[in-house]
Amino acid sequence: MFNINTKTPLYDPEAVQPMRDELIYVGFQEATTPQLIDDFLSQKNGETVFVVINSVCGCAAGSARPAATLALQHHTIPDKLITVFAGQDREAVDYLREKYLSQYPPSSPSMALFDNGELVYFLPRYRIEGRYAEEIAEELKSIFDKYCKRKGPSISPEKYAQLVHAISCGSKIPLNS
């Protein structure tokens with residue numbers, strides 16, 4: 001049944017799938033509903049959760065996603081990795097922003113680290129734009145060293161070497177497997 005209260009995606013889901021796939025490939029789980037956001041972030045279990053608010057913009061393609069995936073090649077990484085897509089998972093993004101990131105204006109792409117359910121780090125779009133992925137990855141690795149204990153990397157270096165970053169909507173890049 002059609003639900004008139006559901007916010008429809010702003011972008012063609014098939015066109016942005018490669019942008020989702022590159023984060024899933026390195027171990028992210030999608031949090032596409034408010035309930036899934038709560039399932040990951042409301043836990044007070046001593047774990048760290050790294051959140052990437054994904055986006056179709058150029059700084060997501062050129063800096064944010066490559067930085068997040070590169071940082072997860074580090075020897076220390078967060079316990080859980082989740083992603084939510086701005087303009088796609090609209091209720092989930094709104095909920096995340098209202099309940100867990102309310103002290104910051106809406107920003108996509110952006111990244112956050114939660115430790116035991118508490119926000120300890122936030123990287124908004126304005127600190128992603130114009131920076132190289134390697135520079136952002138170094139900042140993330142420093143944050144991971146400070147708060148995280150899980151042994152990395154999230155995937156093997158051999159598998160990471162096969163990762164293809166999605167550059168534009170509807171990219172003809174083969175799916176990461």
Side-chain angles (χ1 to χ4, degrees), residues 1-13 16-17 19-61 63-69 71-72 74 76-129 131 136-137 139-150 152 154 166:
M1 176 175 211
F2 181 71
N3 182 349
I4 61 172
N5 294 320
T6 300
K7 294 181 179 180
T8 58
L10 296 177
Y11 312 106
D12 176 15
V16 300
Q17 191 60 49
M19 298 172 194
R20 292 175 175 274
D21 289 340
E22 71 184 87
L23 293 179
I24 294 166
Y25 181 79
V26 298
F28 280 88
Q29 294 178 287
E30 292 190 297
T32 57
T33 66
Q35 182 60 55
L36 288 170
I37 295 291
D38 266 345
D39 290 348
F40 284 108
L41 297 179
S42 67
Q43 303 291 321
K44 301 283 188 191
N45 56 8
E47 292 184 330
T48 53
V49 180
F50 182 45
V51 180
V52 172
I53 298 178
N54 203 348
S55 175
V56 299
C57 72
C59 64
S63 299
R65 289 191 304 270
T69 62
L72 293 171
H74 193 50
T76 306
I77 62 173
D79 296 303
K80 293 193 171 112
L81 313 170
I82 68 167
T83 184
V84 61
F85 206 110
Q88 291 291 153
D89 311 321
R90 295 176 64 195
E91 282 106 0
V93 171
D94 289 348
Y95 186 77
L96 171 65
R97 288 174 173 161
E98 290 169 14
K99 183 168 182 181
Y100 295 97
L101 301 172
S102 62
Q103 64 270 45
Y104 297 101
S107 182
S108 58
S110 59
M111 301 178 208
L113 184 70
F114 292 82
D115 184 9
N116 198 37
E118 300 296 321
L119 180 66
V120 295
Y121 171 80
F122 185 71
L123 182 66
R125 176 186 176 124
Y126 78 87
R127 290 191 39 232
I128 294 170
E129 291 175 307
R131 293 175 71 193
I136 297 166
E139 181 176 332
L140 292 170
K141 290 179 201 178
S142 175
I143 295 300
F144 296 168
D145 283 340
K146 182 174 181 180
Y147 293 102
C148 304
K149 293 176 181 60
R150 180 178 162 205
S154 67

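FYI, the numbering just counts along the sequence from 1. Predicted, not measured: the structure shown is a model, and the values here were computed from it.
- Residues Arg65 and Ser55 approach most closely at NH1-O, 2.9 Å, considering heavy atoms.
- The closest side-chain heavy-atom distance from Tyr100 to Asp38 is below 4.5 Å.
- Between Glu47 and Asn45, the side chains place a donor N or O and an acceptor N or O closer than 3.5 Å (distance only, hydrogens not considered).
- Annotation: side-chain hydrogen bond (donor to acceptor under 3.5 Å, both in side chains) contacts of Thr48 (sequence neighbours excluded): Asp79.
- Formation of a donor-acceptor pair under 3.5 Å by the Thr76 side chain with backbone atoms of Lys149 is not found in this model.
- Judged by distance alone, with hydrogens and angles left aside, the side-chain atoms of Arg150 form a donor-acceptor pair with the main-chain N or O of Pro78 at under 3.5 Å.
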Expected list for residues 28-35: side-chain donor-acceptor pairs under 3.5 angstrom, two or more places apart:
{"unit_1": "Glu30", "atom_1": "OE2", "unit_2": "Arg20", "atom_2": "NH1", "d": "2.4"}
{"unit_1": "Thr33", "atom_1": "OG1", "unit_2": "Leu36", "atom_2": "N", "d": "3.1"}
{"unit_1": "Gln35", "atom_1": "NE2", "unit_2": "Asp39", "atom_2": "OD1", "d": "2.7"}

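- Proximity of a side-chain donor or acceptor of Thr69 to a complementary backbone N or O of Pro66 within less than 3.5 Å is detected.
- Without hydrogens or angle criteria, Ser108 side chain to Ala86 main chain gives no donor-acceptor distance under 3.5 Å.
- The six-membered or imidazole ring of Phe50 lies away from that of Phe114, with a centre-to-centre distance of 6.0 Å or more.
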* To do: List the steps, then state whether side-chain contact (heavy atoms from CB on, under 4.5 Å) holds for Ser110 with Ile53.
  => CA-CA 5 Å; Ser110 59; Ile53 298 178; 3.4 Å; yes
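- A distance-only check finds no donor-acceptor pair linking the side chain of Arg97 to the backbone of Pro106 [under 3.5 Å].
- Counting only N and O atoms by type, the side chains of Glu139 and Tyr121 include a donor and acceptor under 3.5 Å apart.
- Separation of atoms CG (Leu119) and CG (Asp115) is listed at 10.5 Å; rounding is to 0.5 Å.
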